[in-house]
Amino acid sequence: MEERKEEMGYSAIELLDKHDKGEIDDVIFLKDFGNAKVFYSTPFGDHKDGGQRLFLLPGPDNTGYHPVFTSQERLAQFYQNAGRVGFMAMNGSFVSVLETTMNINVNAPVKMGLIVDPGYYNVTVDVAALDTVLKIIKG
């Protein structure tokens, strides 16, 4: 049986690395990563050109991926590269961000999934999979 992070003390980065290398499957990864601390900002904000926009990565069927990060440094680097100014870094568990995203999606014109550390890892949660992922994490 695969060992869990609670037993081994894996960090969020170690979990992502193990998942990326195929050393742990999706279910084990999600159950353990659900409690990981992630950093994020609001999806809507100011751009350096003076306009405002959604800072989502494109998803399928007119949806977007809201980026979440394992460090404040990665968050700041991503938004600086995207031309975003004046953003606030917030943090919470991955599961709490999933729950908040589901609540926002109820009335949002553009539905959001999540992407973890874009450019570093290939972990995405599509809009259609939010509920399933939450059920896996919560067991």
Side-chain angles (χ1 to χ4, degrees):
M1 175 158 172
E2 295 180 43
E3 297 183 67
R4 303 284 303 261
K5 101 173 164 181
E6 294 89 358
E7 296 163 5
M8 294 300 295
Y10 297 137
S11 70
I13 294 291
E14 289 169 324
L15 282 169
L16 285 160
D17 284 338
K18 286 185 169 298
H19 182 261
D20 207 39
K21 293 175 186 172
E23 295 173 10
I24 56 176
D25 67 25
D26 292 345
V27 172
I28 296 293
F29 170 76
L30 288 171
K31 285 181 180 270
D32 289 346
F33 196 74
N35 292 320
K37 182 179 188 178
V38 293
F39 298 87
Y40 60 98
S41 191
T42 59
F44 190 77
D46 297 326
H47 190 267
K48 66 182 178 183
D49 68 6
Q52 294 184 329
R53 62 188 63 155
L54 278 174
F55 286 89
L56 302 176
L57 295 171
D61 301 323
N62 198 34
T63 64
Y65 291 109
H66 186 201
V68 299
F69 303 88
T70 53
S71 72
Q72 288 181 321
E73 294 78 20
R74 286 185 176 177
L75 176 137
Q77 179 184 29
F78 176 85
Y79 284 125
Q80 287 169 357
N81 290 343
R84 186 168 179 179
V85 295
F87 58 89
M88 177 174 46
M90 298 176 277
N91 68 74
S93 67
F94 185 64
V95 72
S96 71
V97 176
L98 284 165
E99 291 170 333
T100 299
T101 302
M102 282 190 65
N103 290 332
I104 291 170
N105 279 349
V106 171
N107 295 315
V110 175
K111 306 301 183 206
M112 298 180 297
L114 296 176
I115 184 167
V116 178
D117 280 344
Y120 293 91
Y121 297 100
N122 294 315
V123 176
T124 58
V125 180
D126 290 336
V127 172
L130 287 171
D131 190 47
T132 301
V133 169
L134 274 171
K135 286 177 184 173
I136 290 169
I137 290 172
K138 292 182 173 187

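Numbering starts at 1 and runs along the sequence shown.
Closest approach of Tyr40 to Pro67, counting heavy atoms only: CB-O, 4.1 Å. Annotation for Tyr65 and Pro60: closest pair OH-CD, 3.7 Å, computed over non-hydrogen atoms. Here the closest heavy-atom approach between residue Gly64 and residue Val110 is recorded as N-CG1, 4.1 Å. Nearest heavy atom pair, residue Arg84 against residue Ser41, reads NH2-OG, 3.5 Å. Closest approach of Val127 and Gly113 over heavy atoms only: CG2-N, 3.5 Å. The two residues Leu57 and Pro118 come nearest to each other via the heavy atoms CD1-CB, 3.7 Å.
The residue from Asn105, Leu130, Asp126 that alone fulfils the side-chain contact (heavy atoms from CB on, under 4.5 Å) condition with Met112 is Asn105.
Under the 4.5 Å side-chain criterion, counting only non-hydrogen atoms from C-beta, Val123 is not in contact with Phe33. Side-chain contact between Met102 and Asp131 is present, with heavy atoms from C-beta onward closer than 4.5 Å. Residues Glu23 and Asp17 have side chains not in contact (no heavy-atom distance under 4.5 Å, counting atoms from C-beta outward). A 4.5 Å side-chain heavy-atom check between Leu54 and Phe44 finds at least one atom pair inside the cut-off. At a threshold of 4.5 Å between non-hydrogen side-chain atoms, the residues Ile137 and Phe94 count as touching. The side-chain heavy atoms of Leu15 and Ile24, taken from C-beta on, include a pair separated by under 4.5 Å.
Here the CG-OH distance, from Asp20 to Tyr120, works out to 13.5 Å after rounding to the nearest 0.5 Å.
Classification of the Phe55-Tyr79 ring pair by plane angle, with boundaries at 30° and 60°, yields perpendicular.
For His47 (side chain) and Ala82 (main-chain N/O), a donor-acceptor pair under 3.5 Å exists by modelled atom type. For Asp117 (side chain) and Arg74 (main-chain N/O), no donor-acceptor pair under 3.5 Å exists by modelled atom type.
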Quiz item: Step by step, would you call Phe29 with Leu16 a side-chain contact (heavy atoms from CB on, under 4.5 Å)?
Solution: CA-CA 8 Å; Phe29 170 76; Leu16 285 160; 3.6 Å; yes
